> 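Got a structure for you, written out below as structure tokens; questions coming shortly.
Not measured: the values here are computed from a predicted model. Quick note: numbers below take in every heavy atom, side chains included, and nothing from hydrogens, waters or symmetry partners.
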2 protein chains.
Amino acid sequence: MVTIKDVAKYANVSIATVSRALNKDDNKVKPETREKVLHAVKELGFYPNAIARSLHHKKTKMIGLIIQDISNPYYPRIVRGVEDAAQKHGYTVVLANVYRSRQRTQNYLKIFREKRLDGVIICGGGIVKNAEQDNFFKENIMSTVVIGKPLVDDLHSVQVNNFLAAKDACEYLINCGHKKIVTITGPKESTTANDRLEGYKAALMKYGIEPKEEWIIQGDFQYESGYNAIDYFPGIGKDKITAVFSQNDVMAIGVIKALRERGFEIPKDISVIGFDDTLFTASHGLSSVAVPVYDLGKTAMTILADLLAGNDVPLITTLPTKLIIRETC
Amino acid sequence: MVTIKDVAKYANVSIATVSRALNKDDNKVKPETREKVLHAVKELGFYPNAIARSLHHKKTKMIGLIIQDISNPYYPRIVRGVEDAAQKHGYTVVLANVYRSRQRTQNYLKIFREKRLDGVIICGGGIVKNAEQDNFFKENIMSTVVIGKPLVDDLHSVQVNNFLAAKDACEYLINCGHKKIVTITGPKESTTANDRLEGYKAALMKYGIEPKEEWIIQGDFQYESGYNAIDYFPGIGKDKITAVFSQNDVMAIGVIKALRERGFEIPKDISVIGFDDTLFTASHGLSSVAVPVYDLGKTAMTILADLLAGNDVPLITTLPTKLIIRETC
DNA sequence: CTGAAAGCGCTTACAG
DNA sequence: CTGAAAGCGCTTACAG
């Protein structure tokens, strides 16, 4: 591997000069000298060692991105948003799927710290309150931006108002004449799921409908839990249940599949509304609450870059959602 | 940031000793001394600087993963496979979406080189033959594994036999009685798409059917191109077209949507078969050729780790596909 | 078993 | 405008 020394020798200058010639902003080097250096660089195929540079600058120009599971269609666009913005600001992203495991999260946080990443973006329920992680963030070892609700105070975040969005969606159903509405929830630890659940309840209450225990069906944001939810429905039909508010799309697609297999027509027999509006909801004709996932990612990265540049950034940034009505309700 | 020096001072030993105590494999350090060091480490919250370590070892324990577009459902599981295997082998992955852009690919390759990543996995059509990239691989600057068909010789790869898989799928259609089959292709530069196209042709020819020009509809692996493909169909019905072989699922879901909107029933009026068997094909009841994407990723990373460990690895590893018949044909 | 020293490949204050 | 030198935070051969 060719080093700065080789270039210096080849160009007949000191390594200090090579360094200066390469860091453009520094115009304290004679044009001819720079030419010589640039020529040597090309000739030898020199690629400056970013590791050595990092050691000096104490910056790696890399950030970590912690997500729960890239194969959940909610995440890819977030990743894209983060990466596009990262690229724009000169950062490179290290990806970490933690599958909601505290262990894996901790492990990656440790690796990120050792590798001296400049910052980290944490997506969703990763940050379970817990001594060691708490320390990690409290000590402010790494600039951090959370996508979603941070469980640790003082962390910057970009969010969506899940409570209101869920409430709106459910109110829409109620205004369509539905009075008995089931909801399929996300995992218990998820604050996102929790907010959506509260929004559901609030909508019902607003219209004087008492949300029954049996209407709240525990899901986990996975397809199967939507598909199986039907087994827990307290019956389907005018006097039973006429609509389902699925707290994400994947589960909504699951219920729809199960519903159709049992001969129910949608929305004739029962309405379904999802959440997230991820890829393919359109092809399923699924009504859903659109979450601007790409922008969540992009904004999070932009905020992180700002933070790293020493700029002031508001603690919470909220992005708007949008109810999209298609064919399932 | 606390350094090895601080730990040494705190523990009253030299930094060499701290280093030795921390690199467990080195048992040339007295147990009591190690205790002292470990205590200091905990007390001070010391996290060894991997950057400094890398500078010495000339290894970063990071690999780059170049994919075309994470929001295409084909990729997330590959990424997962790569990351899981990477984690197992002690590597961390840097993600790069290049959107089939040669420019972006080149740019990332440069960054990877400067950051001294240990290796790189390239997914799909990224490697367009081209002087500079050619050099990159020829000079063997970074260990490389390609998922798909490498356009540069001598590169390790893990693949699937797209030709055979496509041929099998089309033969299946023919054996079901179809004689007039349309195919929707991927982008022209994609070798994957090309192999699938050849497989399609071969199947038809084998049964004495001459594949007509008009049966081959140019797509680009995106939903829209599937949805719009119908406009180029030479008519639908017994004497026109009775089946479509879509070269990926996303486009298949697009055609199905378009077909249904125009009142056609599937598979009664027309059969559809996709390729890849990515997420949600099941919920659409789409028949498809299952590509073991997770395993492609996992295997690629395993091979890369082997390469980096100096082991011998066969140049090409081929993984099996599987035709999965569901409701659309 | 432990320490002093050299080295990894850069950058930058300090002289000149 | 340019060079010699110190320093970033580690690891490891070399002595002892």
> Nearest to the side chain of A/R20, which nucleotide is it out of D/dC8, D/dA4, C/dT2?
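Side chain of A/R20 sits closest to D/dA4.
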> With a 4.0 Å limit, can you tell me whether A/S19 has a side-chain N or O closer than that to the phosphate oxygens OP1/OP2 of C/dC10?
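For A/S19, the contact criterion (side-chain N or O under 4.0 Å from OP1 or OP2 of C/dC10) is not met.
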> Between B/K30 and A/I4, just flag the one whose closest nucleotide in DNA chain C comes earlier from the 5' side.
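With B/K30 and A/I4 compared, the 5'-side residue is B/K30.
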> Students often get this wrong, so: under 4.0 angstrom with heavy atoms, is A/S54 touching a base, only sugar-phosphate, or nothing?
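Answer is nothing: A/S54 stays at 4.0 Å or more from every strand.
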> Taking atom P in both D/dC10 and D/dC14, what distance in whole Å separates the two?
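It comes out at 24 Å once rounded to the nearest Å.
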> If you check the A/A16 side chain, which of C/dT12, C/dT11, D/dT11 turns out closest?
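When the side chain of A/A16 is considered, C/dT12 is the closest of C/dT12, C/dT11, D/dT11.
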> Looking at B/P314, is its backbone amide N or carbonyl O close enough to the side chain of B/H156 to form a donor-acceptor pair, meaning the two atoms are under 3.5 Å apart?
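Pair found, side chain donor or acceptor close to backbone of B/P314.
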> Please tell me if B/K5 has a side-chain N or O lying less than 4.0 Å from either OP1 or OP2 of D/dC10.
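False: B/K5 side-chain N/O out of range (4.0 Å or more) of D/dC10 OP1/OP2.
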> Using Watson-Crick or G-U wobble geometry with both distances under 3.5 Å, which nucleotide pairs with D/dA13?
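None - no nucleotide pairs with D/dA13, as no candidate has both distances under 3.5 Å.
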> What is the distance from atom OH of B/Y99 to atom CZ of A/R80, rounded to the nearest 0.5 Å?
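If I round to the nearest 0.5 Å, the distance is 4.5 Å.
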> Could you check whether A/I15 gets within reach of a base, just the sugar-phosphate, or nothing at all, counting any heavy atom under 4.0 Å?
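Base: the residue A/I15, judged by heavy atoms under 4.0 Å, touches a nucleobase.
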> Check the pair B/D84, A/R104 against salt bridge (Lys or Arg N to Asp or Glu O under 4.0 Å), reporting the backbone distance first and the verdict last.
CA-CA 11 Å; B/D84 285 353; A/R104 268 183 83 110; 3.8 Å; yes
> Hey, could you give me the OG1/CD distance between B/T92 and B/Q87, rounded to the nearest 0.5 Å?
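That separation rounds to 7.5 Å.
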> Give the rounded distance in Å between these two atoms: CD1 of B/I51 and C1' of D/dT11.
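Computing the B/I51:CD1 to D/dT11:C1' distance gives 15 Å.
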> I'd like the P distance from D/dA15 over to D/dT11, given in whole Å.
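22 Å, rounded to whole Å.
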> Check the distance between C/dC8's C1' and B/N49's CG and give it to me in whole angstrom.
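About 13 Å, once rounded to whole Å.
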> What pair of heavy atoms forms the shortest contact from A/K115 to B/I51, and how long is it?
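That closest heavy-atom pairing would be O-CD1, 3.7 Å.
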> Do the non-hydrogen side-chain atoms of B/L109 and B/I66 ever get within less than 4.5 Å of each other?
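When only atoms from C-beta onward are counted, B/I66 and B/L109 do touch, with a gap below 4.5 Å.
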> Could you tell me the separation between the NE2 atom of B/H57 and the C1' atom of C/dC8, rounded to a whole number of Å?
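Taking NE2 of B/H57 and C1' of C/dC8, I get 11 Å after rounding.
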> Measure CD/A/E114 against P/D/dG9 and give the value in whole Å, please.
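Rounding to the nearest Å, CD of A/E114 and P of D/dG9 are 15 Å apart.
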> State the pairing partner of D/dA4; accept Watson-Crick or G-U wobble contacts with both distances under 3.5 Å, and report none otherwise.
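D/dA4 is unpaired by these criteria.
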> Provide, to the nearest angstrom, the distance between the OH atom belonging to A/Y47 and the P atom belonging to C/dG9.
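Rounding to the nearest Å, OH of A/Y47 and P of C/dG9 are 18 Å apart.
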> Among C/dG7, C/dG9, C/dG3, which nucleotide has an atom closest to any side-chain atom of A/L55?
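Given the options C/dG7, C/dG9, C/dG3, the side chain of A/L55 is closest to C/dG9.
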> Please state how far atom NZ in A/K58 lies from atom C1' in C/dT11, giving the value in whole angstrom units.
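It works out to 13 Å between those atoms.
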> Tell me the interatomic distance from A/H56, atom NE2, to D/dA6, atom P, rounded to whole angstroms.
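Going from NE2 in A/H56 over to P in D/dA6 covers 14 Å.
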> Using the side-chain heavy atoms of B/V29, tell me which of these nucleotides is nearest: D/dC10, D/dC1, C/dT2.
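The closest nucleotide is C/dT2.
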> Once you round it to whole Å, what is the distance between P of C/dT2 and CD of B/E35?
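Nearest whole value for this atom pair: 13 Å.
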